[in-house]
Q: 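Here it is, the structure, as structure tokens.
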Amino acid sequence: MNKKNMQISFPGMNFKEMFKIAGMVALGVSLSACQGQLSEKPPVHPNMNMDQQPRKEAQEVNNFFADGRSMRQPVEGTVARGLAKLDTEYYEGVDENGDFIDSIPVDLTRSFLYRGKERYEIYCTPCHGQTGAGNGIIMEGNYGYVPAPSYHEQRVRDLSDGELYSAIYDGVRTMPSYATQIPVEDRWAIVAYIRALQESQNISEEELQQYDVDIAALNSKAAGEQAKADSIAAAREASSEGQEPTIALGQETITANACGTCHNEDGSPGGIGPTWAGLFGSEGEVITESGETITVTKDEDYIRESIVQPNAKKPIDYAQGVMASYSYLSEVEIESIILYIKNLEN
């Protein structure tokens, strides 16, 4: 083969096969040249009802129904699959008789407990504090909330796990339900962590000696916190020294401490605590801390004791209720509250 008549040949291929290969190469080059170019043609919708579905969006008006709502309530008497919640111990904290269960119906693991710690610090510390002492920032900030109880009171330590769960699930007194914010298993995790807090804050000195713990430092810290609390109480008392009890101060103190959240002045039934209407000077049955039922006259001494030691004599109709102690109030504030309640009769 000379240069003048030089030809390229592929052994075993005829002309048509070579032409096909050349065409494929040319097509590949042309397609690669199209990369990065914008098409002005409308997008292809092989199935239009994927984008434009004949249905109503959430919150959209639907004239098919008389009330015009697109979002409908489930058919009465029906339950969505998987939402029957027949296990009342797990979902409600009660047995088949409606009694609170004693123990957490979930396996306790380290990760489960730490999950409870995380959830507790998010939802519970604002009121109950890091250690569960009822001294969260909302309680310490004088925002007018009913004081949160300490988890370390014997009364709370004696509560069953089901009762603690119920407080989260249903709410209790002035505490709202957290059922919408906290899933079921997280509620039980919080209960588990509360139990851990109770154990950690009520361990004996003999038990502490088994560990590498500076007991003297702990005692010093506790003494310092008590001294701080005593100092606050003393300052409160000193600031009211020489001040006379008045109805106006009583009303101011009642408002500042959210007493009206549980008590009313018009005799309305169904309150969290007994009404103040007709209270002063009346007689009624109460239950003492020892469980004895007695009849008392609801005079100045009774009201004072109810403010400082609310569990000493609880009205029989409210024996299951819980009221926090307001012993931190100054004497003039307590006297003013008594004066205010007494004046309601006039």
Q: Is any side-chain heavy atom of Y123 closer than 4.5 Å to one of R187?
A: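 They are not in side-chain contact.
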Q: Check the pair L164, R195 against side chain to side chain contact (heavy atoms under 4.5 Å, CB included), reporting the backbone distance first and the verdict last.
A: CA-CA 10 Å; L164 291 177; R195 292 306 193 201; 3.5 Å; yes
Q: Below 4.5 Å, heavy atoms only, C-beta onward: do I254 and I337 meet side chain to side chain?
A: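 Yes, their side chains come closer than 4.5 Å.
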Q: Is there a path of hydrophobic side-chain contacts, each under 4.5 Å between heavy atoms of I, L, V, M, F, W or Y residues, that connects L344 with I307?
A: yes
Q: Answer yes if Y91 and F112 sit in the same cluster of Ile, Leu, Val, Met, Phe, Trp and Tyr residues linked by side chain heavy atoms under 4.5 Å apart, and no otherwise.
A: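 Both belong to a single hydrophobic cluster.
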Q: Would you say the side chain of I194 lies within less than 4.5 Å of the side chain of V156, judging by non-hydrogen atoms?
A: no
Q: For R115, which residues count as a side-chain hydrogen bond (donor to acceptor under 3.5 Å, both in side chains) partner, sequence neighbours excluded?
A: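 For R115, the residues satisfying side-chain hydrogen bond (donor to acceptor under 3.5 Å, both in side chains) (neighbours in sequence not counted) are E118, D186.
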Q: Going through the distances and angles, do Y114 and K117 end up as a side chain to side chain contact (heavy atoms under 4.5 Å, CB included)?
A: CA-CA 5 Å; Y114 275 102; K117 178 179 184 295; 4.2 Å; yes
Q: Hydrophobic cluster membership, with links at side-chain heavy-atom distances under 4.5 Å among I/L/V/M/F/W/Y: are I247 and I303 in one?
A: yes
Q: What pairs with S111 under side-chain hydrogen bond (donor to acceptor under 3.5 Å, both in side chains), at least two apart in sequence or on another chain?
A: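 Per chain and number, S111 pairs via side-chain hydrogen bond (donor to acceptor under 3.5 Å, both in side chains) with T109.
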Q: According to side chain to side chain contact (heavy atoms under 4.5 Å, CB included), who are the partners of S327, at least two apart in sequence or on a separate chain?
A: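 Testing S327 for side chain to side chain contact (heavy atoms under 4.5 Å, CB included), a comparison that skips the adjacent residues, returns V308, S325.
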Q: Applying a strict under-4.5 Å side-chain criterion to I, L, V, M, F, W and Y, I'd like to know whether I122 and I168 cluster together.
A: yes
Q: Could you give the distance from NZ (K56) to CZ (F65), rounded to the nearest 0.5 Å?
A: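 K56 atom NZ to F65 atom CZ measures 10.5 Å (nearest 0.5 Å).
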Q: Can you tell if the side chain of Y169 reaches within under 4.5 Å of the side chain of V184, non-hydrogen atoms only?
A: no
Q: Quick one: pull up CD1 in I287 and CG in N311 and give me the separation to the nearest 0.5 Å.
A: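 So the CD1 of I287 and the CG of N311 are separated by 11.5 Å.
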Q: Using the test side chain to side chain contact (heavy atoms under 4.5 Å, CB included), find all partners of V79 that sit at least two apart in sequence or belong to another chain.
A: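 Side chain to side chain contact (heavy atoms under 4.5 Å, CB included) list for V79, sorted by chain: L83, A84.
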Q: Checking A248 now: which residues fulfil side chain to side chain contact (heavy atoms under 4.5 Å, CB included) with it, not counting sequence neighbours?
A: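 Scan of A248 (side chain to side chain contact (heavy atoms under 4.5 Å, CB included), adjacent residues dropped) gives T246.
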Q: Got a sec, which residues hit side chain to side chain contact (heavy atoms under 4.5 Å, CB included) with V286, two or more places apart in sequence or on another chain?
A: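 Residues passing side chain to side chain contact (heavy atoms under 4.5 Å, CB included) with V286: I294, V296, Y302, K313.
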Q: Show the numbers, then the answer: is there a salt bridge (charged side-chain N to carboxylate O under 4.0 Å, His left out) between E335 and K342?
A: CA-CA 10 Å; E335 289 294 332; K342 186 177 181 179; over 6 Å; no
Q: Among residues at least two apart in sequence or on other chains, which ones pass salt bridge (Lys or Arg N to Asp or Glu O under 4.0 Å) with E199?
A: none
Q: So do the side chains of F100 and Y165 get within less than 4.5 Å of each other, counting heavy atoms only?
A: no
Q: So, using salt bridge (Lys or Arg N to Asp or Glu O under 4.0 Å) as the criterion, who are the partners of E163 when residues are at least two apart?
A: none
Q: Name the atoms and distances for all side-chain donor-acceptor pairs under 3.5 Å in residues 271-284, with sequence neighbours left out.
A:
residue: T275; atom: OG1; partner: N264; partner atom: O; Å: 3.0
residue: T275; atom: OG1; partner: N264; partner atom: OD1; Å: 2.6
residue: T275; atom: OG1; partner: G267; partner atom: N; Å: 3.2
residue: T275; atom: OG1; partner: A277; partner atom: N; Å: 3.1
residue: S282; atom: OG; partner: L279; partner atom: O; Å: 2.6

Q: Salt-bridge test for E60 and R55: reply yes if a basic N is under 4.0 Å from a carboxylate O, no otherwise.
A: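 Not counted as a salt bridge, because no side-chain N and carboxylate O are separated by less than 4.0 Å.
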Q: Should I182 and L197 be counted in the same cluster of Ile, Leu, Val, Met, Phe, Trp and Tyr side chains packed under 4.5 Å apart?
A: yes
Q: Would you mind reporting whether R304 and E331 have side-chain heavy atoms less than 4.5 Å apart?
A: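 Counting from C-beta outward, E331 and R304 do come under 4.5 Å.
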Q: Could you tell me whether K85 and E92 have a side-chain N and a carboxylate O separated by less than 4.0 Å?
A: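 E92 and K85: not salt-bridged.
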Q: Quick one: list whatever passes side-chain hydrogen bond (donor to acceptor under 3.5 Å, both in side chains) with T131, sequence neighbours left out.
A: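 T131 satisfies side-chain hydrogen bond (donor to acceptor under 3.5 Å, both in side chains) with no residue once adjacent residues are dropped.
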Q: Checking R69 now: which residues fulfil salt bridge (Lys or Arg N to Asp or Glu O under 4.0 Å) with it, not counting sequence neighbours?
A: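 Partners of R69 by the salt bridge (Lys or Arg N to Asp or Glu O under 4.0 Å) criterion, ordered by chain and then number, come out as D67.
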Q: Do S330 and E333 have a side chain donor and acceptor closer than 3.5 Å?
A: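 Yes.
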Q: List for me each residue that meets salt bridge (Lys or Arg N to Asp or Glu O under 4.0 Å) alongside D299, sequence neighbours excluded, and say none if there are none.
A: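 Salt bridge (Lys or Arg N to Asp or Glu O under 4.0 Å) list for D299, sorted by chain: empty.
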